[in-house]
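Read through the structure below, which is laid out as structure tokens, and then see the notes.
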Amino acid sequence: MSLSTDTLRPSSAPGFLRERLLAVGLRATQQRLLILECLLVLPGHPTAEQVHRQAVEQAPSLSLGTVYKTLDSFVAVGLTKRVASAEGGSRRYDADCTEHHHLFCTNTQEIIDYCDPQLDALIRDFFAAKGLSDFQPHSFSLHITGNKVLKE
């Protein structure tokens with residue numbers, strides 16, 4: 001079981017970023033490289049607006065619409081994931097595409113990564129036992145809403 005608010009981020013070196021884009025079939029344009037770098041260096045699960053604020057420091061003419069379209073293209077090719085937030089208003093993004101779940105704290109609005117192979121096995125076993133003949137799950141992610149318990 002692993003609970004983390006700071007997911008280890010891979011290198012954001014230009015060569016690494018270029019390779020990641022090319023590996024998923026995207027051209028490594030300057031805008032895509034910059035947006036991917038911002039997504040990787042921002043803590044937590046940033047919104048498109050947070051990525052945009054970071055990116056315009058280096059590219060002042062970059063529009064928020066371009067950031068949204070680019071992030072959506074990253075999601076489409078599996079380079080990032082869209083994460084639901086309990087407030088529902090803003091889309092958040094997760095550069096960590098490994099299997100893990102999300103805990104959403106309604107007090108702090110924080111999204112916490114949660115990894116537990118035993119839970120994953122229980123979910124797989126549950127679906128296998130149900131024998132859903134017309135549906136074959138290939139991945140899953142739980143989104144659990146609650147409150148952090150403050151220790152005194």
Who passes side chain to side chain contact (heavy atoms under 4.5 Å, CB included) against R82, sequence neighbours left out? D72, V75, R91, Y93

Which residues pass the side chain to side chain contact (heavy atoms under 4.5 Å, CB included) test with I144, sequence neighbours left out? L103, L142

May I ask you to test the [X]-[Y] pair for a side-chain heavy-atom distance under 4.5 Å?
| X | Y | answer |
| --- | --- | --- |
| I35 | L39 | no |
| Q31 | T70 | no |
| R92 | Q50 | no |
| V24 | F74 | no |

F126 and I123: side-chain contact (heavy atoms from CB on, under 4.5 Å), yes or no, with the steps? CA-CA 5 Å; F126 174 83; I123 293 170; 5.5 Å; no

Kindly give the heavy-atom pair with the smallest separation between [X] and [Y], and that separation in Å.
| X | Y | value |
| --- | --- | --- |
| A48 | V67 | O-CG1, 3.6 Å |
| G78 | C97 | O-SG, 3.5 Å |
| C38 | V51 | CB-CG1, 4.0 Å |
| L22 | A28 | CD2-N, 4.3 Å |

Could you tell me whether a side-chain N or O of H52 sits under 3.5 Å from a main-chain N or O of L62, the two making a donor and an acceptor? yes

Keeping the roles fixed (side chain from T106, backbone from N147), state whether a donor-acceptor pair exists under 3.5 Å. no

Quick one: pull up [atom1] in [X] and [atom2] in [Y] and give me the separation to the nearest 0.5 Å.
| X | Y | atom1 | atom2 | answer |
| --- | --- | --- | --- | --- |
| N107 | K148 | CG | NZ | 10.0 Å |
| H100 | I112 | NE2 | CD1 | 12.0 Å |
| E37 | L42 | CD | CG | 10.0 Å |
| F16 | L36 | CZ | CG | 8.0 Å |
| S73 | L79 | OG | CG | 8.0 Å |

Residue of the set L33, V77, T29 for which side chain to side chain contact (heavy atoms under 4.5 Å, CB included) holds with L21: L33

Stepwise, does the salt bridge (Lys or Arg N to Asp or Glu O under 4.0 Å) test hold for E99 with K81? CA-CA 11 Å; E99 283 192 5; K81 291 181 182 178; over 6 Å; no

Start with the C-alpha distance between R53 and L64, add both sets of side-chain angles, then the distance that settles side-chain contact (heavy atoms from CB on, under 4.5 Å), and finish with yes or no. CA-CA 9 Å; R53 276 194 299 274; L64 179 58; over 6 Å; no

Check against side-chain hydrogen bond (donor to acceptor under 3.5 Å, both in side chains), D116 and H101: CA-CA 8 Å; D116 186 341; H101 310 287; over 6 Å; no

If the plane angle is over 60° it's perpendicular, under 30° parallel, otherwise tilted; pick one for H45 and H102. perpendicular

Stepwise, does the side-chain contact (heavy atoms from CB on, under 4.5 Å) test hold for L17 with L34? CA-CA 9 Å; L17 299 176; L34 175 59; over 6 Å; no

